[in-house]
Amino acid sequence: MGDKGTSNYSDMTDFILVGFRVCPELHILLFLLFLLVYTMILLGNVGMMVIIITDPRLNTPMYFFLGNLSFIDLFYSSVIAPKAMINFWSESKSISFAGCVTQLFLFALFIVTEGFLLAVMAYDRFIAICNPLLYSVQMSTHLCVQLVAGSYFFGCISSILQTSMTFTLSFCASRAIDHFYCDTRPLQRLSCSDLFILRMVSFTLSGLITLPTIIVIVISYLYIVSTVLKIPSTEGRKKAFSTCSSHLGVVSVLYGAVFFMYLTPDTYPELSKVASLCYTLLTPMLNPLIYSLRNKDVKEGLYKLLEKKSTIL
């Protein structure tokens, strides 16, 4: 089967990840860029998880959620980046059918889970600022675990539906995916099946995922802003807002990148790839930086961890 040859779903054994349509000389530059960004993702998110686990002062609901956010960022970028870097050096640029299914499933699972987790984190900030005296009671360990488990559950259900419907299509146009990873929209372009039902399900899923999470985030911050403005002291207002600024930064980066990606027309596949980079690699790279630079507790935890290492050495 050649790149442009036709093939049916039943005998499809692999796909070709076309990647970025640039001259071969730029592949080295792109590989180094991906390597640098992925290294920062590994260091930042693993470092964040180690700080949260090792520092007893960070044993709070907020940092429990932040640790899970780092875990999600680490793994969904790991679903994409290593294979993309390998393909910069590969002649075939192929990915097996099973590999493509796995990549789409895991990426969809983690990206949807992150959306729900960000809504949970907004709710956590709402309770902390608007009901501080009841915070430890309302945000119990049991509830925190349930909220995180629920985020993974909804991510898993969404991913199963999206992946199963995508790979029951007949791929008879080509096996060359015009992207650097297996994603729904480029896979749909290869299909000769009727896409109406799939697109309706995708649209409905997107609405069921995006609208509730955005509503929770917006309502939480409306209450937070209303409460903070009632604080008489400037220092008190500044301290309250500082606990939310990092979360708002992460929300803005993720949702901005996702909206940019899905509002990009299919007629501009290269622009779509650049948009995909924003939330597949840049977002998980920026999240630990945003929290570490804007969070005093995280910075102190990092200093303590470095002091321990220097003492051991």
Side-chain angles (χ1 to χ4, degrees), residues 3 14-50 69-96 99-100 102-104 106-111 114-115 176-187 189 246 249-294 302:
D3 288 6
D14 65 351
F15 293 98
I16 304 295
L17 291 172
V18 173
F20 295 91
R21 296 181 183 275
V22 295
C23 59
E25 291 77 12
L26 287 178
H27 282 183
I28 298 174
L29 180 62
L30 285 172
F31 170 80
L32 293 174
L33 181 62
F34 268 63
L35 181 62
L36 174 63
V37 171
Y38 187 56
T39 301
M40 291 180 69
I41 290 170
L42 291 175
L43 292 174
N45 288 289
V46 171
M48 184 67 75
M49 287 188 286
V50 170
L69 181 67
S70 291
F71 174 83
I72 290 168
D73 283 340
L74 175 64
F75 275 86
Y76 87 67
S77 59
S78 297
V79 170
I80 306 297
K83 181 60 180 174
M85 288 190 289
I86 289 170
N87 282 350
F88 285 128
W89 298 101
S90 171
E91 289 293 330
S92 65
K93 301 184 186 299
S94 65
I95 182 170
S96 67
C100 194
T102 303
Q103 192 177 58
L104 177 59
L106 290 176
F107 180 71
L109 164 64
F110 286 121
I111 198 72
E114 178 155 334
I177 302 172
D178 193 10
H179 215 298
F180 61 93
Y181 67 95
C182 291
D183 197 14
T184 306
R185 287 173 71 187
L187 280 165
R189 297 188 203 117
S246 298
V250 169
V251 169
S252 301
V253 169
L254 178 68
Y255 279 99
V258 170
F259 284 135
F260 177 43
M261 161 67 186
Y262 284 100
L263 291 175
T264 303
D266 282 343
T267 50
Y268 301 101
E270 294 306 307
L271 185 59
S272 178
K273 293 171 195 175
V274 173
S276 297
L277 279 175
C278 293
Y279 69 87
T280 55
L281 293 178
L282 291 184
T283 299
M285 180 188 75
L286 290 175
N287 285 355
L289 290 175
I290 291 170
Y291 270 99
S292 61
L293 293 174
R294 299 286 300 174
L302 177 60

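Numbers here simply count residues along the sequence, with the first being 1. Atom set for the values below is all heavy atoms of this structure, side chains included, hydrogens, waters and symmetry mates excluded.
- For residues 273-282, the set of pairs meeting the salt bridge (Lys or Arg N to Asp or Glu O under 4.0 Å) definition, not counting sequence neighbours, comprises Asp178-Lys273, Glu270-Lys273.
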Please report, to 0.1 Å, the donor-acceptor pairs under 3.5 Å made by any side chain of residues 24-39, with sequence neighbours excluded.
unit_1: Tyr38; atom_1: OH; unit_2: Ser78; atom_2: OG; d: 2.7
unit_1: Thr39; atom_1: OG1; unit_2: Leu35; atom_2: O; d: 2.6

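- Residues that satisfy the side chain to side chain contact (heavy atoms under 4.5 Å, CB included) test with Val79, not counting sequence neighbours, are Gln103, Leu106, Phe107.
- Although no hydrogens or angles enter the test, the distance criterion places no donor-acceptor pair under 3.5 Å between the side chain of Ser77 and the main chain of Leu281.
- Side-chain contact between Ile177 and Val18 is absent, with no heavy-atom pair separated by less than 4.5 Å.
- Taking every heavy atom of both residues into account, Ile72 and Phe110 meet most closely at CG2-O, 3.4 Å.
- In terms of heavy atoms, Leu17 sits closest to Cys182 at CD2-N, 4.0 Å.
- Take Ser276 and apply the side chain to side chain donor-acceptor pair (under 3.5 Å) test, not counting sequence neighbours, and it matches His179.
- At a threshold of 4.5 Å between non-hydrogen side-chain atoms, the residues Tyr181 and Ile95 do not count as touching.
- We find the CG-CG distance between Leu69 and Leu74 to be 11.0 Å, quoted to the nearest 0.5 Å.
- Listed here is the closest heavy atom pair of Pro284 and Tyr279: CD-O, 3.7 Å.
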Starting from the C-alpha separation in whole Å, work towards a yes-or-no answer on side-chain contact (heavy atoms from CB on, under 4.5 Å) for Ile80 and Phe180.
CA-CA 8 Å; Ile80 306 297; Phe180 61 93; 3.6 Å; yes
For residues 82-91, tabulate all N or O donor-acceptor pairs below 3.5 Å that involve a side-chain atom, not counting sequence neighbours.
unit_1: Lys83; atom_1: NZ; unit_2: Ser94; atom_2: O; d: 2.8
unit_1: Ser90; atom_1: OG; unit_2: Ser92; atom_2: N; d: 3.3
unit_1: Ser90; atom_1: OG; unit_2: Ser92; atom_2: OG; d: 3.4
unit_1: Ser90; atom_1: OG; unit_2: Lys93; atom_2: N; d: 3.0

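- Annotation: the span from Tyr255 atom OH to Glu114 atom CD amounts to 9.0 Å, rounded to 0.5 Å.
- One distance of note links OG1 of Thr280 with CD1 of Ile111; it measures 8.5 Å at 0.5 Å rounding.
- Between Met48 and Ser70 the shortest heavy-atom distance is CG-OG, 3.2 Å.
- Every side chain to side chain contact (heavy atoms under 4.5 Å, CB included) that Leu286 has, sequence neighbours left out, goes to Val253, Leu289, Ile290.
- For Asp73, the side chain to side chain donor-acceptor pair (under 3.5 Å) test picks out Asn287, with sequence neighbours left out.
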